[in-house]
Amino acid sequence: MKKHLRNLIIQALNSLVQDGVLPESTSRNVVLERTRDRAHGDFASAIALTLAKFANCKPQKLAEHILTALPKSERVDKIEIAGPGFINFFLATTAYNAVVRDIFDRGDKFGHSQIGAGQRAQVEFVSANPTGPLHVGHGRGAAYGATVANLLDAVGYHVEREYYINNAGRQMNILAISVWLRYLEHCGERLRFPTSGYRGEYVRTIAAQIYADQGGAYILPAARVFYSIPQDEVLDEHGNILVNGDKEAHVDALVHRSQALLGELRYRSIFNLSLKAILDDIQDDLQDFGIIYEKWYSEQTLAESGAVDQTIKGLRNAGYIYEMDGALWFRSSAFGDEKDRVIKRENGQNTYFASDIAYHLEKFQRGFDLVIDIWGADHHGYIPRVKAALQALGENTDRLSVLLVQFAILYRNGQRVPMSTRSGDFVTLRELRKEVGNDAARFFYVMRKSEQHLDFDLDLAKSQSKDNPVYYIQYAHARISTLLERAGKIDLSEIQTADLIHEEKEIIKLLTQFPLTIHEAASGYSPAIVATYIYDLVKNYNHFYQAVKILSEENAANNNLRLALSECVRRTIHPSLMVLGVQAPMKM
RNA sequence: GCCCCGGUAGCUCAGUUGGAUAGAGCGCACCCCUCCUAAGGGUGAGGUCACAGGUUCAAUUCCUGUUCGGGGCACCA
């Protein structure tokens, strides 16, 4: 429809150029928009305002010229000039018929398009270190990433969802010794748990499980483990320093000592059991949350394949590697990063950055047209160096989009729920899902723009009332479903849209916007647009529902129209909720 | 100090590549079920779009500066 009107205006402009009213160079980029106010018709164009100075006359005068030059169209009822020179189009109500029929023809693919057809997109999200269960912050990344992937899928991309498992670095070693130390405690050894160790309760659980499965095979006296290890930093419960020490050196020394005492085989065993326990938990958690990955990509495998060393060699060949203070540096400042970055540490270990470069290079080599990373907002400083490395390796970073997700803050009884990473005192994703349910969690996580901090109201998410947008929308879907079930078959040939009431027109207008909404949400990576849209549609449906009788309507044409509209709304709610990862119940 | 994100109604937020009278939900004040799910609907009050400049016929929207809030500036991830 918009296209149709745009063509009309372009034709008018062409003839005005011929008449010499407008110069030859006039732009044919016609802007049309839906009106906000009903009095302004259905569509409006500010074209006369934009072009007035080229025509050398007042906008209103130009608008009149355009109006006379506009070809007639049976789909337009009335055209007016208003305000400073807007041209308002009022659609013929018969144009609405086509909309309803079109939605029925599209089946369950209404709103979907093929804009991305033939293109491959990869979305990498969550990718939390497997050092503990997912918490509510990861949850937002999970819901957001899954929805962005669904949106790209809806507009025709071939999408691959991927989780990058950071299972090779120092943090994993710290996890392994944390588990082992808890295991020793479990077996009666007394020790002071390191400040930089993983202190969560889950570590004890894994340790106890290892003991239950394998008995005392890993027991060693704690005194031997801690003998002449550098002093740890000791804090009290308020974070004040009680004993000055180097907690990182302390924990690194413990890792070394553990590897020496346990031997390669037993150390690997603890390491792998810990990793498996946590990764299993993460995978279950995400699957229960309705998130399916095509690929779980292991950093370990990447490192073992030699890809990381290969990548460093590539950077060296390109001339961007130098040595300083015993470490290897990447000259990222040559590509706009604020300083150079270490890629191999003095102790010979690669930094995480090194494997991240190799991983991204590998992603590029897999040939995706679109590579999307979803990170927490606190990682934003990391973007320039990753892009720098890819550029140094000769890649075009336009294919890479890094999307940042701000934190979610939980509120219960109007109070902020305290969360501190120290002491491992955070709310897990699993706890949140258990408390509010998957549907509410998925919806609440994405209903705000991702770059916006999210105030997550737990009480609202749990409430079964109209105040809760998830229930409001699901309820409408259920209500329509039962309504249509009672009504039986809809006779589309009986539909006529000659005299629609206001509520009906509003619904149809909104329905026509749905494909565009999905497109905008997909191209802008903004699931919140869908959430806002669907809420708005449901609200309008409720107005309509309140205004008319549907089942008891005697006039067959009206009856069929209203049923058809209900069905159209249902066919819009359904795919929207699917994209958002929320159930669309038939009954409630 | 530098970098990223944000500042719109009492609260939480929308606001479509700059457009006509800036919207919604909650909260507040009233009101509506002989009727398909009241898990719903209606009416009203409530705004210096953080502030100051600039670009434009037109700025909440774009640019610059200021200010406030969040986050980041490691041989941690």
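Note that the structure is predicted; figures quoted are calculated from it, not measured. Each chain gets a letter, A, B and so on, in the order the sequences are listed, and its residues count up from 1.
- Taking the side chain of A/Phe86 as heavy atoms from C-beta on, and the options B/G72, B/A20, B/C36, the nearest nucleotide is B/A20.
- Looking at heavy-atom distances under 4.0 Å, A/Val548 makes contact with a base.
- Nucleotides B/G46 and B/A29 place their C1' atoms 12 Å apart, quoted to the nearest Å.
- Atom CG in A/Asp340 sits roughly 13 Å away from atom C1' in B/C75 (whole-Å rounding).
- Between the side-chain ring of A/Phe407 and the base of B/G71, no stacking contact exists by the 5.5 Å and 30° definition.
- Within the nucleic acid shown, A/Glu346 comes within 4.0 Å of at least one base atom, counting heavy atoms only.
- Remark: the separation of the C1' atoms in B/U8 and B/A22 is 8 Å, to the nearest Å.
- Nucleotides B/A14 and B/G7, compared at atom C1', are 15 Å apart to the nearest Å.
- By the 4.5 Å heavy-atom criterion applied to side chains, A/Met172 and A/Thr131 are counted as neighbours.
- When the C1' atom is used for both B/A77 and B/G19, the distance is 47 Å, rounded to whole Å.
- Separating the CG atom of A/Asp459 from the C1' atom of B/U12 is a distance of 14 Å, rounded to the nearest angstrom.
- Summarising the geometry, the separation between CZ on A/Phe456 and P on B/C11 is reported as 22 Å, rounded to the nearest angstrom.
- Spacing between B/C4 and B/U64 at atom P, rounded to whole Å, works out to 11 Å.
- In terms of phosphate contacts, A/His543 brings a side-chain nitrogen or oxygen within less than 4.0 Å of OP1 or OP2 of B/G42.
- Nucleic acid contact class of A/Gln349 (heavy atoms, under 4.0 Å, all strands): none.
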What protein N or O atoms touch nucleotides 28-35 of chain B N or O atoms at under 3.5 angstrom, if any, and at what distances?
residue : atom : partner  : partner atom : Å
B/C35   : O2'  : A/Lys549 : NZ           : 2.8
B/C35   : O2   : A/Lys549 : NZ           : 3.0

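- Tested against A/Ser196 for a side chain to side chain donor-acceptor pair (under 3.5 Å), the candidates A/Glu248, A/Glu233, A/Lys247 yield a single pass: A/Glu248.
- Within the nucleic acid shown, A/Lys339 comes within 4.0 Å of sugar-phosphate atoms alone, with no base atom in reach, counting heavy atoms only.
- Of all nucleotides listed (B/C57, B/C75, B/A39), B/C57 comes nearest to the side chain of A/Leu49.
- Closest-nucleotide positions on RNA chain B for A/Arg341 and A/Tyr545 were compared, and the one nearer the 5' end corresponds to A/Tyr545.
- Side-chain contact check for A/Ile312 versus A/Asn350: some heavy-atom pair is nearer than 4.5 Å.
- Counting non-hydrogen atoms under 4.0 angstrom, A/Ala478 reaches a base of the nucleic acid.
- Among B/C73, B/C4, B/A77, the nucleotide with an atom closest to any side-chain atom of A/His379 is B/A77.
- Contact annotation for A/Asn468: no contact, since no heavy-atom pair falls under 4.0 Å across all strands.
- Residue A/Gln464 places its side chain closer to B/A39 than to any other of B/A39, B/U12, B/G72.
- At the heavy-atom level, A/Asn88 lies under 4.0 Å from base atoms of the strands shown.
- The residue A/Thr482 sits close to a base: some heavy atom pair falls under 4.0 Å.
- Under the side-chain hydrogen bond (donor to acceptor under 3.5 Å, both in side chains) criterion, the residue pairs touching residues 376-386 of chain A are A/Asp356-A/Tyr382, with sequence neighbours excluded.
- Distance noted for atom C1' between B/G10 and B/G18: 31 Å (whole Å).
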For this session: Quick one: do A/Asp340 and A/Tyr322 satisfy side-chain hydrogen bond (donor to acceptor under 3.5 Å, both in side chains)? Show the steps, please.
Result: CA-CA 10 Å; A/Asp340 295 342; A/Tyr322 62 92; 2.6 Å; yes
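- In this structure, A/Phe125 and A/Tyr144 have side chains that are not in contact, with every pair of non-hydrogen atoms separated by 4.5 Å or more.
- Going from atom OH of A/Tyr382 over to atom C1' of B/C3 covers 17 Å, rounded to whole Å.
- Contact annotation: the side chain of A/Asn166 never approaches that of A/Gln171 to less than 4.5 Å [non-hydrogen atoms, C-beta and beyond].
- Counting to the nearest Å, the C1' atom of B/G23 and the CG atom of A/Leu510 are 14 Å from each other.
- Which of B/A77, B/A20, B/A39 sits closest to the side chain of A/Ala82 comes down to B/A20.
- Note: CZ (A/Arg385) to C1' (B/C73) measures 9 Å, nearest angstrom.
- Summarising the geometry, the separation between NE2 on A/His502 and P on B/G42 is reported as 12 Å, rounded to the nearest angstrom.
- With sequence neighbours excluded, the residues satisfying ring pair (Phe, Tyr, Trp, His ring centres under 6.0 Å) with A/Tyr541 are A/Phe544.
- Taking 4.0 angstrom as the limit, A/Tyr472 places a side-chain polar atom (N or O) nearer than this to OP1 or OP2 of B/G41.
- Proximity note for A/Ala44 (side chain, C-beta onward) versus B/G70, B/A20, B/C75: the nearest is B/A20.
- Residue A/Gln583 qualifies as open at atom CD: its count of foreign heavy atoms under 6.0 Å is 12 or below.
- Checked against B/C5, B/C3, B/G27, the side chain of A/Gln406 finds its nearest nucleotide in B/C5.
- Syn is the classification of B/C33, since its glycosidic angle stays within 90° of 0.
- Nucleotides B/G69 and B/G53 are separated by 23 Å at their C1' atoms, to the nearest Å.
- Here A/Ala547 lies out of heavy-atom contact (under 4.0 Å) with every strand.
- Among residues two or more places apart in sequence or in another chain, the ring pair (Phe, Tyr, Trp, His ring centres under 6.0 Å) test is passed with A/Phe456 by A/Phe444, A/Tyr445.
- A search for salt bridge (charged side-chain N to carboxylate O under 4.0 Å, His left out) contacts involving A/Glu299 returns nothing, not counting sequence neighbours.
- Comparing the P positions of B/U12 and B/A50 gives a spacing of 15 Å, expressed to the nearest Å.
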Exercise. Can you check side-chain hydrogen bond (donor to acceptor under 3.5 Å, both in side chains) on A/Tyr359 and A/Glu162, steps first, answer last?
Worked result: CA-CA 12 Å; A/Tyr359 176 50; A/Glu162 186 157 309; 2.7 Å; yes
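- Side chain of A/Gln415 to main chain of A/Arg412: no donor-acceptor pair is present (N/O by atom type, distance under 3.5 Å, no hydrogens or angles).
- When distances are taken from the side chain of A/Ala327 to each of B/C75, B/A24, B/A77, the shortest belongs to B/C75.
- Near RNA chain B, defined here as any heavy-atom distance below 4.0 Å, the residues from residues 442-454 of chain A are A/Arg448, A/Lys449, A/Glu451, A/Gln452, A/His453, listed numerically.
- For the OP1/OP2 pair of B/G41 and a distance below 4.0 Å, the side-chain nitrogens and oxygens of A/Asn542 include at least one atom meeting the criterion.
- Rounded to whole angstrom, the span from the CH2 atom of A/Trp375 across to the P atom of B/G72 amounts to 16 Å.
- Closest-nucleotide positions on RNA chain B for A/Val538 and A/Ile550 were compared, and the one nearer the 5' end corresponds to A/Ile550.
- Here A/Thr517 lies out of heavy-atom contact (under 4.0 Å) with every strand.
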